[in-house]
Amino acid sequence: MGKSIAENIREDFPILHTTIYGKGLVYLDNAATTQKPTAVLAAVEDYYKTCNSNVHRGVHLLSQQATAAYEEARHKVSKFINAAFTHEVIFTKGTTDGINLVASSFGKKFLHQGDSILISAMEHHSNIVPWQMICQERGATLKVIPMDENGVLQMDALPALLDESVKLVSVTYVSNSLGTINPIREIIKQAHAKNIPVMIDAAQAIQHLPIDVQELDVDFLVFSGHKIYGPTGIGALYGKEKWLNMIPPYQGGGDMIKTVTFEKTIYNDLPYKFEAGTPDISGAIGLGAAIDYVKAIGLDAIQEKEDELLNYALEQLAGIDNLKFIGKATQRASVISFLIDDVHPYDLGELLDKQGIAIRTGHHCTEPVMDFFGIPGTCRASFAFYNTRSEVDLLVAGIKRAAAILI
């Protein structure tokens, strides 16, 4: 498809031709979930139509075909993030599941009374609550890298925070509520200088930015399939082999064992040690198809299109009276949070919905961020490569129309 995104790319996404209240859908809630191309829908349907069977334990042909497709999907994820070994990729339910896995397993093995976990001030609840839970269980504390009024991490505070009590750093690559792209290479570098492992929440980065886990030298990384044009209910945890071998299983059951007696269980090798029970086979296959689709377009072309859209939207929205941006990082991905005067985000979102425009309103599962800015929530428009300038124009016109009613 070359350097630019083809004009007819929207034809690949059937839902984009939906009408809402008699108007064409303007879907600007991509940070919550992305829409699915026909290639992904077809891959999931094809699995159920042609080789639906359980994986790993069957000698019959359908089971072998299902197993091959499932493991091929793991290989695609591994190549996409450039893992050193395919078995460093664990299939999960999504980002939240992956964080809970690491918090539980790493915490039980390495976290003790008086230790701490370091996160940032702009984390999603899924990268706060699991750490609070394991810290409470283990008698550890949660520490936070602060941010400034622009929604940028105060990196000058990091060296002092990285004391000997810190056993792991877990930060988001891209903020879901502010769009800020965090300096994760610098965070990893400083943490590793003190032999502290780092986990990256890549839920909002995997679909926008090229990720090479070996180049980053990250210890754990998590993302969700539905953020990168794949199905819901599937995601991946990458972990360096040495860490995955050191930490205990997260859940017990079938497939994560080698042998079981009533006296003792011997756990399976990676990656199966962390995949108890029947996995989301169709979801993994759908995720593999989504990765194929994204690779065919090219992340560089996607980034270029989304940056152009983001800058156009920022420019157009800035012309609206009484509009205030929440988060003003210069390094940002395609998320814009804003408020209009004293209008409640929910009210603005409702009026936009009646015009066929889908945005997200509320605290975006980042209540500490909203508390920091002293607001109840924001309106959030988030873009994908299939969005257009004309949709941005409709958003701007829609906001002006809604503001005229509400103010």
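The first residue in the sequence is number 1, and the count goes up from there.
Under the 6.0 Å cut-off for aromatic ring centres, Y70 and F91 qualify, their centroids lying closer than that. In summary, the aromatic rings of F80 and F223 are positioned with their centroids too far apart to meet the 6.0 Å limit.
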Using the side chain to side chain contact (heavy atoms under 4.5 Å, CB included) rule, take K324 and F373 through it: C-alpha gap first, then chi angles, then the decisive distance, then the call. CA-CA 12 Å; K324 178 187 177 187; F373 287 106; over 6 Å; no

Could you go through the salt bridge (Lys or Arg N to Asp or Glu O under 4.0 Å) check for E71 and R74 one step at a time? CA-CA 5 Å; E71 292 302 334; R74 192 192 310 276; 2.8 Å; yes

Walk me through it: do F110 and M246 pass the test side chain to side chain contact (heavy atoms under 4.5 Å, CB included)? CA-CA 10 Å; F110 294 109; M246 276 194 281; 3.9 Å; yes

In sequence, state the C-alpha distance, the side-chain angles, and the governing distance for E186 and Q190, and then conclude on side-chain hydrogen bond (donor to acceptor under 3.5 Å, both in side chains). CA-CA 6 Å; E186 183 58 29; Q190 289 194 36; 2.9 Å; yes

Would you sort out whether M147 and T180 count as a side chain to side chain contact (heavy atoms under 4.5 Å, CB included), showing the intermediate values? CA-CA 11 Å; M147 68 177 176; T180 307; over 6 Å; no

Go through it in stages, so that I can follow the logic: the residues are K400 and D321, the test is salt bridge (Lys or Arg N to Asp or Glu O under 4.0 Å), and I'd like the CA-CA distance, side-chain angles, deciding distance and then a yes or no. CA-CA 9 Å; K400 287 177 178 175; D321 291 339; over 6 Å; no

Worked check of side-chain hydrogen bond (donor to acceptor under 3.5 Å, both in side chains) between Q64 and T67: CA-CA 5 Å; Q64 291 175 24; T67 299; over 6 Å; no

For L142 and I128: C-alpha separation, side-chain torsions, deciding distance, then whether side chain to side chain contact (heavy atoms under 4.5 Å, CB included) applies. CA-CA 9 Å; L142 193 63; I128 301 172; 4.3 Å; yes

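In this pair, Y229 and F13 present their aromatic rings perpendicular. The plane angle is above 60°, beyond the 30 to 60° band. Note: H87 and F85 have parallel aromatic rings, judged against thresholds of 30 and 60 degrees for the angle between ring planes.
With rounding to the nearest 0.5 Å, the separation of CD1 in I234 from CD1 in I228 is 13.0 Å. From R360, atom CZ reaches atom SG of C379 across 12.0 Å, with rounding to the nearest 0.5 Å. Summarising the geometry, atom CG belonging to L118 is positioned 6.5 Å from atom CG belonging to L158; distances are rounded to the nearest 0.5 Å. Remark: Y267 OH to F274 CZ distance equals 10.5 Å, nearest 0.5 Å. Here Q204 contributes atom CD and S224 contributes atom OG; the two are 9.0 Å apart, rounded to the nearest 0.5 Å. A distance of 6.0 Å separates CD1 in I399 from CG in L352, rounded to the nearest 0.5 Å.
Contact check for R380 versus N176: side-chain heavy atoms found under the 4.5 Å cut-off. Contact check for I320 versus V396: side-chain heavy atoms found under the 4.5 Å cut-off.
Taking a 6.0 Å sphere around CD of Q154, one finds it holds more than 12 heavy atoms contributed by other residues, nucleotides or ligands. Around the NZ atom of K93, the shell of radius 6.0 Å holds no more than 12 heavy atoms that belong to other residues, nucleotides or ligands. Residue M133 qualifies as open at atom CE: its count of foreign heavy atoms under 6.0 Å is 12 or below. Counting heavy atoms of neighbouring residues, nucleotides and ligands inside a 6.0 Å radius, atom CD of E137 exceeds 12 of them. Atom CD of E215 sits in a crowded spot, with more than 12 heavy atoms from other residues, nucleotides or ligands closer than 6.0 Å. Residue-environment remark: NZ (K189) stays at or below the threshold of 12 foreign heavy atoms within 6.0 Å. Heavy atoms of other residues, nucleotides or ligands lying less than 6.0 angstrom from NZ of K354 number more than 12.
Taking both residues in full, the closest heavy atoms of L309 and A384 are given as CD1-O, 3.7 Å, listed atom of the first, atom of the second, then distance. Residues T172 and I184 come closest through the heavy atom pair O-CG2, 4.3 Å. Contact between L339 and G377 at its shortest, heavy atoms only, is CD2-O, 3.3 Å. The shortest heavy-atom contact between A202 and I211 is CB-CD1, 3.9 Å. Summarising the geometry of T86 relative to S78, their closest heavy-atom pair is CA-OG, 3.6 Å, with the distance given to 0.1 Å. Across all non-hydrogen atoms, the minimal contact from T232 to H226 is CG2-CB, 3.7 Å.
The only member of I99, N100, D97 that meets side chain to side chain contact (heavy atoms under 4.5 Å, CB included) when paired with T92 is D97. Each of I117, V198, L161 was evaluated against V169; a single residue qualifies, V198, per the side chain to side chain contact (heavy atoms under 4.5 Å, CB included) test. With Y173 as reference, L209 is the one residue of L209, V218, D201 to meet the side chain to side chain contact (heavy atoms under 4.5 Å, CB included) rule. Remark: of the listed residues I5, T34, N30, I5 is the sole one forming a side chain to side chain contact (heavy atoms under 4.5 Å, CB included) with F385.
In summary, D269 and K258 engage in a salt bridge, as defined by a charged side-chain N under 4.0 Å from a carboxylate O. Between E308 and R389 there is a salt bridge, since at least one side-chain N of the basic residue sits less than 4.0 Å from a carboxylate O of the acidic one. Residues D219 and K242 are not paired through a salt bridge, judged by the lack of any N-O separation under 4.0 Å between the basic side chain and the carboxylate. Checked for salt-bridge contact, R185 and D217 miss the test: no charged N lies under 4.0 Å from a carboxylate O.
Counting only distance, with no hydrogens or angles, the side chain of H208 and the backbone of I206 share no donor-acceptor pair below 3.5 Å.
No hydrogens or angles considered: nothing links the side chains of H364 and T366 as a donor-acceptor pair under 3.5 Å.
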